[in-house]
Undergrad: 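Would you mind keeping the following structure in view while I ask a few things?
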Amino acid sequence: MATSIRLSRGGSKKRPYYRIVVADSRAPRDGKFIERIGSYNPVLPKGDEKRVVLDTERAKHWVAAGAQPTDRVARFLDAAGVKERPARNNPNKAEPGQKAKDRAEDRAAKAAEAAEAAEAAKAAAAEAAAAPAAEEAPAEEAAAEQAEG
């Protein structure tokens, strides 16, 4: 029989209270269990000693017998020194999704186009500022000639 060490929920709505139980892995979450080995009250503050109450001797017995703890119970067992929990690493978890990557690429492309357009506008303005100074004199002369004539 495959056994697991898991949480069985009790308590009222919005006031959870869990029992740490050893149960057949096929049994329902709050259903029949083999043995109760502790309790977990998430409502209490993290520093409170009654937040997690665990019978470490029985937990060691069941781990030695092959019972598999769930992730949350494995944290409790690690904190109690019963079973070491290996560190998990998922480097892809923080990576954005494909649509977000596409949006970022589009944003970068638009920013690059805007920067190029701004540089072209500055260059055109610089050329226009340099060229009219040379062209102003002939234009003024032509205007003066038309006024005289």
Undergrad: Listed by chain and number, what are the salt bridge (Lys or Arg N to Asp or Glu O under 4.0 Å) partners of Arg26, not counting sequence neighbours?
TA: Asp24
Undergrad: Tell me the ring-ring contact (aromatic ring centres under 6.0 Å, His included) pairs involving residues 70-122, sequence neighbours left out?
TA: Tyr40-Phe76
Undergrad: Measuring only between side-chain heavy atoms, which start at C-beta, is Asp71 closer than 4.5 Å to Arg88?
TA: yes
Undergrad: Enumerate donor-acceptor pairs with a distance under 3.5 Å from any side-chain N or O in residues 103-119 to protein atoms, sequence neighbours excluded.
TA:
none

Undergrad: Going hydrophobic residue to hydrophobic residue with side-chain gaps under 4.5 angstrom, can you get from Trp62 over to Val82?
TA: yes
Undergrad: Between Thr3 and Ala23 (side chain of the first, backbone of the second, donor and acceptor by atom type, cut-off under 3.5 Å), is there such a pair?
TA: no
Undergrad: So which atom in Pro42 and which in Arg51 form the shortest heavy-atom distance, rounded to 0.1 Å?
TA: O-NH1, 3.2 Å
Undergrad: For Asn41 and Pro16, which heavy atoms make the closest approach, and how far apart are they?
TA: OD1-O, 3.7 Å
Undergrad: Nearest 0.5 Å please: distance from the OG atom of Ser39 over to the OH atom of Tyr18.
TA: 13.0 Å
Undergrad: Do you know the tightest heavy-atom contact between Thr56 and Ala80?
TA: CG2-CB, 4.0 Å
Undergrad: CD/Glu84 to CG/Asp78 distance, rounded to the nearest 0.5 angstrom?
TA: 6.5 Å
Undergrad: Return yes if some donor-acceptor pair links the side-chain N/O of Asp30 with the main-chain N/O of Arg9 below 3.5 Å, else return no.
TA: yes
Undergrad: Hey, any chance Tyr17 and Leu7 share a hydrophobic cluster, counting ILVMFWY side chains that come within less than 4.5 Å of each other, even indirectly?
TA: no
Undergrad: What's the spacing between Glu49 CD and Leu44 CG if we round to 0.5 Å?
TA: 10.0 Å
Undergrad: Between Arg6 (side chain) and Pro69 (backbone), is there a donor-acceptor pair under 3.5 Å?
TA: no
Undergrad: Is Val63 reachable from Val21 through a run of hydrophobic residues whose side-chain heavy atoms are each under 4.5 Å from the next?
TA: no
Undergrad: Quick check for you: to the nearest 0.5 Å, what is the distance between Glu95 atom CD and Lys101 atom NZ?
TA: 3.5 Å
Undergrad: Taking atom NE2 of His61 and atom CD of Glu35, what is their separation to the nearest 0.5 Å?
TA: 7.0 Å
Undergrad: Measure across Ser25 and Ser4 and return the closest heavy-atom pair with its distance rounded to 0.1 Å.
TA: CA-OG, 4.1 Å
Undergrad: Just wondering, more than 12 heavy atoms not from Lys32 lying within 6.0 Å of its NZ?
TA: no
Undergrad: How many angstroms lie between atom CG of Leu77 and atom CZ of Arg72, to the nearest 0.5 angstrom?
TA: 12.0 Å
Undergrad: Ile20 and side chain to side chain contact (heavy atoms under 4.5 Å, CB included): which partner among Asp55, Ile37, Thr70?
TA: Ile37
